[in-house]
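Below is one structure; the comments refer to it alone.
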Amino acid sequence: QARYRLVVSDGEYYQQAMLGTQNNGLVDGGELHNNCIVRLTKFVSNMVAQRKIIIVIGIEVIDQGSGVLGNPQPIAKAFPGGAPPAAGAAPPAPNPQQNPQPRVYGAPQGHQEPQNGYGQPPAQNNVYGRPSGAQSYGGSSGSAYGHGNKNSASGSNYGQSSNYGQSRSSPYSRSNGNSHSSGSASGGSGNYNMMGSKAHSAQSFHPIASLNPYQNKWVIKARVTQKGDMRTWSNSRGEGKLFSVNLLDEHGGEIRATMFNDAADRLFPIFQEGKVFTISKGTLKPANKKFNKLPHDYALTLNRDAEVNFYGDDSKIKEQNYDFKTINSIQDLPAETILDLVGVVTDIQPLAQITSSRTQKELTKRSITISDDSNASIEFTLWNAKAEELDEKLVPVGTVVAIKGAKVTEYSGRSLTTTFSSAVQVNPNIPELSRLQNWFRATEGKSVVALTQYSGGRSGPNKRRTIGDITEMKLGLNPDGKSDYFDLKATLIFCKKYDLERPPWYQACPKEGCNKKVMEMDNQYRCEKCNQDYPNRKLRYILSILVADEDGSQWITAFNAEAEQILGRPAEEMEPLILNGNEDEFTRVLHKANLKTYIFGCRAKLDQQQEEMRARISLTKITEIDQKAECRYLLDKIAMYDKYSH
């Protein structure tokens with residue numbers, strides 16, 4: 001990729017500069033040209049081949065200009081000792097021994113640059129800023145690890161044993177061919193301290209926000225806020241593996257680091273989510289914003305020579321950096337938006353297995369409904385390892401969860417899903433925790449507006465409808481066959497009469513999760529889906545009920561779980577009543593279910609009935625009336641009526 005050299009001037013002095021490649025489009029498009037007036041929004045002053053060069057990272061063209069301003073002089077000749085002094089101040093004496101350090105301008109407010117992240121003489125036993133008291137992982141092939149010798153001479157490889165599987169070349173070997181060494185003068189064995197407390201106190205760290213490709217000597221200290229799964233790829237160029245971590249430092253700077261193949265194998269067990277590490281010797285490239293939604297312009301690649309030191313913990317670094325949105329605001333956001341969210345778990349579903357239509361791979365998913373005090377709820381889908389980890393025991397109803405990097409989808413209205421870079425914290429230590437806990441204790445998360453229209457069998461709050469709405473709004477009569485989901489407050493007035501010839505159940509496959517109808521053959525039960533014969537079967541309800549509200553009546557089908565809730569008995573207990581001719585008890589059970597009012601979660605779907613296409617209504621859940629919640633719901637409706645009637 002082409003790189004452009006610039007000469008920039010303020011009318012009094014001029015200076016050599018190099019344009020960051022991310023700004024090449026300004027030149028190629030003709031916007032950036034000779035004599036135009038620009039504003040440098042972010043730049044770095046570096047020493048290149050003994051000359052000071054400005055690396056332009058952020059630049060804005062503010063005027064097309066008409067010629068050279070003033071009579072600028074080269075600033076290097078005017079001030080051979082460095083930059084011009086501040087007004088009224090004497091220029092500092094030059095120090096030829098000092099190693100000039102890059103200074104970053106235009107970094108976010110509040111970021112303080114280290115005085116000399118690598119300008120200071122290295123501490124004893126320090127490799128590129130590696131603290132002598134910290135354990136190093138994933139060092140370069142020249143690094144050695146073992147028990148030091150307190151009497152070893154200058155240039156010691158920290159002892160003569162336990163070389164951590166690497167060659168015994170000097171641990172101070174630099175990539176540019178220069179080297180320096182320092183004797184092991186710590187006294188004692190020279191063992192590494194996992195917390196690194198000795199050397200870290202003197203270590204100066206580079207802010208993440210100011211990292212750029214034009215700096216090759218830096219050490220950052222950061223917390224791993226998210227660790228992705230190990231993933232593999234295969235294409236025409238070969239195959240390999242990778243994983244990524246999101247890093248956060250004490251200044252609030254964030255960046256993603258990715259490791260490939262050997263580096264991924266070595267560092268995957270080292271990086272731990274929530275822990276703090278020091279990191280050096282990485283490569284910076286422009287971030288692909290299609291996949292990387294962190295605010296940093298660059299992404300970090302850690303290769304086999306990267307040095308990663310476990311630091312322990314640092315209270316100055318937050319556990320996570322959030323920019324929360326309220327749930328009710330999500331309905332106005334476009335699909336694919338990446339956001340942070342905090343809310344209370346109001347429903348959690350068991351694990352489910354699906355097959356990806358794109359890759360044909362088996363995937364594990366779990367759906368969780370979360371609500372917040374904007375009085376809205378949304379479904380959030382977890383995948384694979386995250387779905388298995390966050391189960392009903394870890395995140396029961398009432399738990400506050402914070403989600404970093406969720407993606408908005410248009411599935412069933414509005415919903416959220418995790419990506420490989422998403423992170424979830426349970427009961428996080430943030431100010432919103434107590435506020436949401438108090439809200440949930442007061443409201444139990446009821447009477448909220450659901451942004452997700454829940455899918456078949458899925459529990460959760462839907463929009464309240466009446467039986468009259470079913471006809472008026474033509475629910476379930478979508479030409480594309482799409483289902484409609486809604487809640488219906490109604491009274492069960494009648495259960496269809498059944499007998500031995502037509503019982504309210506069917507014989508189903510006994511395999512967990514199958515539920516397909518089986519055929520009885522020679523005292524065996526054949527399931528065509530499983531392609532297997534079973535010695536037994538299970539009974540599953542299909543119960544037709546008639547419900548009514550102030551608008552009319554409607555037949556609805558209740559499947560096994562909902563029918564069992566209505567009748568109070570499983571099908572296996574009802575079958576003997578028919579087989580033994582105890583029709584009175586059978587009828588009594590059906591009649592006992594009548595004249596009870598529920599909130600019915602309904603699914604309306606286009607179905608062919610007697611050669612006519614009609615909407616078939618089935619139950620997805622049944623909720624008994626909570627009088628307090630129902631009163632709140634009615635009061636909210638009255639308030640809305642008052643609001644729009646004036």
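All values below come from the heavy atoms of this structure, side chains included, with hydrogens, waters and symmetry mates left out.
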side-chain contact (heavy atoms from CB on, under 4.5 Å) between T620 and F600, intermediate numbers included | CA-CA 8 Å; T620 60; F600 296 100; over 6 Å; no
| task | Report the C-alpha distance between K407 and E336 in whole Å, list the side-chain angles of each, state the deciding distance to 0.1 Å, and finish with yes or no for salt bridge (Lys or Arg N to Asp or Glu O under 4.0 Å). | result | CA-CA 6 Å; K407 183 170 74 173; E336 306 297 317; 3.7 Å; yes
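A 4.5 Å side-chain heavy-atom check between S618 and R603 finds at least one atom pair inside the cut-off. In this structure, F440 and V397 have side chains that are in contact, with non-hydrogen atoms separated by less than 4.5 Å. Between L546 and L492, every side-chain heavy-atom pair lies at or beyond the 4.5 Å cut-off. Side-chain contact between I566 and I545: present, with at least one pair of heavy atoms (C-beta onward) separated by less than 4.5 Å. Side-chain contact between D607 and R614: absent, with no pair of heavy atoms (C-beta onward) separated by less than 4.5 Å. By the 4.5 Å heavy-atom criterion applied to side chains, I617 and Q554 are counted as neighbours. Residues L619 and I556 meet the side-chain proximity criterion, which asks for heavy atoms closer than 4.5 Å. Side-chain contact check for I430 versus E319: every heavy-atom pair is 4.5 Å or farther apart.
Side-chain contact of T409 with S415: a donor-acceptor pair under 3.5 Å is present, judged by distance alone. Side-chain contact, D347 with Q349: a donor N or O sits under 3.5 Å from an acceptor N or O. D229 and N384 form no side-chain donor-acceptor contact under 3.5 Å, judged by distance and modelled atom types alone. In summary, the side chains of W383 and T417 do present a donor paired with an acceptor at a separation below 3.5 Å, with no hydrogens or angles considered. For T597 and T491, the side-chain atoms include at least one donor-acceptor pair closer than 3.5 Å. Inspection of the T466 and D469 side chains reveals an N or O donor paired with an N or O acceptor under 3.5 Å.
By the 4.0 Å N-to-carboxylate-O rule, R569 lies too far from E564 to be salt-bridged with it. Comment: E273 does not engage K275 in a salt bridge, judged by the lack of any side-chain N to carboxylate O separation of less than 4.0 angstrom. K404 has a carboxylate O that lies under 4.0 Å from a charged side-chain N of E254, or vice versa, which qualifies the two as a salt bridge. Checked for salt-bridge contact, E575 and R537 meet the test: a charged N lies under 4.0 Å from a carboxylate O. Ion pair R435/D373 flagged as a salt bridge, since at least one NZ, NE, NH1 or NH2 atom sits closer than 4.0 Å to an Asp/Glu carboxylate oxygen. The pair R588-E585 counts as a salt bridge, with a side-chain nitrogen and a carboxylate oxygen less than 4.0 angstrom apart. The pair E630-R464 meets the salt-bridge criterion, with a side-chain N (NZ, NE, NH1 or NH2) lying under 4.0 Å from an Asp/Glu carboxylate O.
Judged purely by atom type and a 3.5 angstrom limit, T557 has no side-chain atom pairing as donor or acceptor with the backbone of S544. T443 places a side-chain N or O within donor-acceptor distance of the main-chain N or O of W439, the cut-off being under 3.5 Å. A distance-only check finds a donor-acceptor pair linking the side chain of N560 to the backbone of Y541 [under 3.5 Å]. Proximity of a side-chain donor or acceptor of S553 to a complementary backbone N or O of A548 within less than 3.5 Å is not detected. Within the 3.5 Å criterion, the main-chain N or O of A385 finds no donor-acceptor partner in the side chain of E388. Side chain of H251 to main chain of G253: no donor-acceptor pair is present (N/O by atom type, distance under 3.5 Å, no hydrogens or angles). Looking at E572, its side chain does come within 3.5 Å of a backbone N or O of L539 through a donor-acceptor pair. Checked by atom type and distance alone, the side chain of S422 pairs as donor or acceptor with a backbone atom of G405 at under 3.5 Å. The closest donor-acceptor contact from the side chain of R414 to the backbone of L333 lies under 3.5 Å. Q320 contributes a side-chain N or O that, together with a main-chain N or O of T225, makes up a donor-acceptor pair within less than 3.5 Å.
More than 12 heavy-atom neighbours from other residues, nucleotides or ligands sit within 6.0 angstrom of NZ on K227. More than 12 non-hydrogen atoms from other residues, nucleotides or ligands lie less than 6.0 angstrom from CG of N536. Annotation for Q272: atom CD counts as buried by contact number, over 12 foreign heavy atoms lying within 6.0 Å. With a 6.0 Å radius and a threshold of 12 heavy atoms from other residues, nucleotides or ligands, K511 has its NZ atom at or below the threshold. Heavy-atom contacts from other residues, nucleotides or ligands closer than 6.0 Å to CZ of R526 number more than 12. When the shell of 6.0 Å around NZ of K517 is examined, it contains 12 or fewer heavy atoms from other residues, nucleotides or ligands.
Taking all atoms of both residues into account, the shortest heavy-atom contact from Q437 to N427 is NE2-OD1, 4.2 Å. Contact between D372 and G343 at its shortest, heavy atoms only, is CB-CA, 4.4 Å. Across A287 and N292, no two heavy atoms sit closer than the pair CB-ND2, 3.7 Å. Nearest heavy atom pair, residue S367 against residue T381, reads OG-OG1, 3.9 Å. Of all heavy-atom pairs spanning S329 and T326, the tightest one is OG-O, 2.6 Å. Nearest heavy atom pair, residue A508 against residue N515, reads CB-O, 4.0 Å.
Ring centers of Y534 and Y525: at least 6.0 Å apart, outside the cut-off.
Taking CD1 of I368 as the reference point, atom CZ of F380 lies at 7.0 Å (rounded to 0.5 Å). A distance of 5.0 Å separates CD of Q565 from CD1 of I622, quoted to the nearest 0.5 Å.
Partners of E520 under the salt bridge (Lys or Arg N to Asp or Glu O under 4.0 Å) rule, at least two apart in sequence or in another chain, do not exist in this structure. With sequence neighbours excluded, the residues satisfying salt bridge (Lys or Arg N to Asp or Glu O under 4.0 Å) with K241 are D265.
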